[in-house]
Amino acid sequence: MTITYDDFAKVDVRVGTVRTAQPLAGARKPALKLEIDFGPEVGLKKSSAQLTVHYTAESLVGRQVAAVVNFPPRQIGKFMSEVLTLGFPDGDGAVVLVVPDKPVPNGGKLF
């Protein structure tokens, strides 16, 4: 399916820094709950992400990640996920994060 640039521009993908990360209790699949700082325009947002194969909670704190920030919140167990943290599947289907290869300001928008 082909989309227009205007369609792509509707998806607000921003970069943010993980401030806290903890195991998400009650999730059907192992997941971490993240608090991510997207800078002054977007602010702090929470995300549930199935990152437990390649990442520990401790290894994520301070890392920059990419996320869709304009989807509606989604209930994951007892946790409300506010953004969709982005990743690609590895050869076994485990999530590998989409990250900038150099530090960039929090809140920067993908273009």
Side-chain angles (χ1 to χ4, degrees):
M1 172 192 354
T2 300
I3 65 170
T4 67
Y5 182 81
D6 288 340
D7 292 329
F8 170 75
K10 291 176 188 176
V11 181
D12 192 357
V13 177
R14 304 283 181 124
V15 66
T17 300
V18 176
R19 293 294 176 217
T20 65
Q22 302 171 17
L24 180 59
R28 281 182 272 177
K29 295 182 180 179
L32 298 172
K33 59 181 180 178
L34 310 175
E35 183 180 64
I36 306 168
D37 180 0
F38 290 100
E41 186 179 344
V42 177
L44 290 173
K45 298 291 181 182
K46 295 176 183 165
S47 180
S48 167
Q50 295 174 1
L51 302 173
T52 58
V53 172
H54 295 294
Y55 308 95
T56 64
E58 297 80 19
S59 73
L60 290 171
V61 175
R63 290 190 64 164
Q64 289 193 300
V65 297
V68 176
V69 299
N70 64 335
F71 283 157
R74 184 172 176 191
Q75 190 79 38
I76 310 292
K78 295 180 180 179
F79 183 76
M80 185 62 74
S81 187
E82 299 173 303
V83 299
L84 175 64
T85 302
L86 298 174
F88 292 108
D90 69 8
D92 296 320
V95 178
V96 175
L97 287 168
V98 173
V99 299
D101 70 347
K102 299 197 182 333
V104 295
N106 286 337
K109 186 172 181 177
L110 179 73
F111 58 84

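Heavy-atom basis, side chains included; hydrogens, waters and symmetry copies ignored.
Residues V61 and A21 approach most closely at CG2-N, 4.0 Å, considering heavy atoms. Contact between T52 and P30 at its shortest, heavy atoms only, is OG1-CB, 3.4 Å.
A side chain to side chain donor-acceptor pair (under 3.5 Å) check over residues 99-111, counting only residues at least two apart or in different chains, returns the pairs T17-N106, Q64-N106.
Once rounded to the nearest 0.5 Å, the distance linking CD of Q50 with CG of L32 reads 10.0 Å. For the atom pair L60 CG and L97 CG, the distance stands at 6.5 Å (nearest 0.5 Å).
For Y5, the ring pair (Phe, Tyr, Trp, His ring centres under 6.0 Å) criterion is met by F8, not counting sequence neighbours. Scored by the salt bridge (Lys or Arg N to Asp or Glu O under 4.0 Å) test, R19 finds D37 as partners (sequence neighbours excluded). Partners of N70 according to the side-chain hydrogen bond (donor to acceptor under 3.5 Å, both in side chains) rule, which considers only residues two or more places apart in sequence or in another chain, do not exist here. Residues satisfying the side-chain contact (heavy atoms from CB on, under 4.5 Å) criterion with S59, sequence neighbours excluded, are Y55, T56. Residues passing the salt bridge (Lys or Arg N to Asp or Glu O under 4.0 Å) test with E58, sequence neighbours excluded: none.
Hydrophobic cluster membership for V104: V15 (Ile, Leu, Val, Met, Phe, Trp, Tyr linked by side-chain heavy atoms under 4.5 Å, directly or transitively).
When hydrophobic clusters are built by joining Ile, Leu, Val, Met, Phe, Trp and Tyr residues whose side-chain heavy atoms come closer than 4.5 Å, directly or via intermediates, V53 is not grouped with L24. A single hydrophobic cluster is seen to contain both L51 and V99, as judged by linkage of ILVMFWY side chains at heavy-atom distances under 4.5 Å, directly or through other members. Both M1 and V11 sit in one connected hydrophobic cluster of ILVMFWY residues. Membership requires side-chain heavy atoms under 4.5 Å apart, directly or through other members.
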Result block: side-chain N/O donor-acceptor pairs under 3.5 angstrom for residues 71-94, not counting sequence neighbours:
| from | atom 1 | to | atom 2 | distance (Å) |
| --- | --- | --- | --- | --- |
| Q75 | NE2 | G77 | O | 3.0 |
| S81 | OG | S48 | N | 3.0 |
| S81 | OG | V83 | O | 3.3 |
| E82 | OE1 | K46 | N | 2.7 |
| T85 | OG1 | S47 | OG | 2.7 |
| D90 | OD1 | D92 | N | 2.8 |
| D90 | OD1 | G93 | N | 2.9 |
| D90 | OD1 | A94 | N | 2.9 |
| D90 | OD2 | H54 | NE2 | 2.5 |

Take I36 and V65 through the test side chain to side chain contact (heavy atoms under 4.5 Å, CB included) and record every step on the way to the result. CA-CA 8 Å; I36 306 168; V65 297; 3.9 Å; yes
Worked verdict on E41 versus R14 for salt bridge (Lys or Arg N to Asp or Glu O under 4.0 Å): CA-CA 11 Å; E41 186 179 344; R14 304 283 181 124; 3.4 Å; yes
I would like to know whether L44 and F38 meet side chain to side chain contact (heavy atoms under 4.5 Å, CB included); could you show each step before the answer? CA-CA 6 Å; L44 290 173; F38 290 100; over 6 Å; no
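When side chains are defined from C-beta on, D12 does not count as touching V68, because their heavy atoms never get closer than 4.5 Å.
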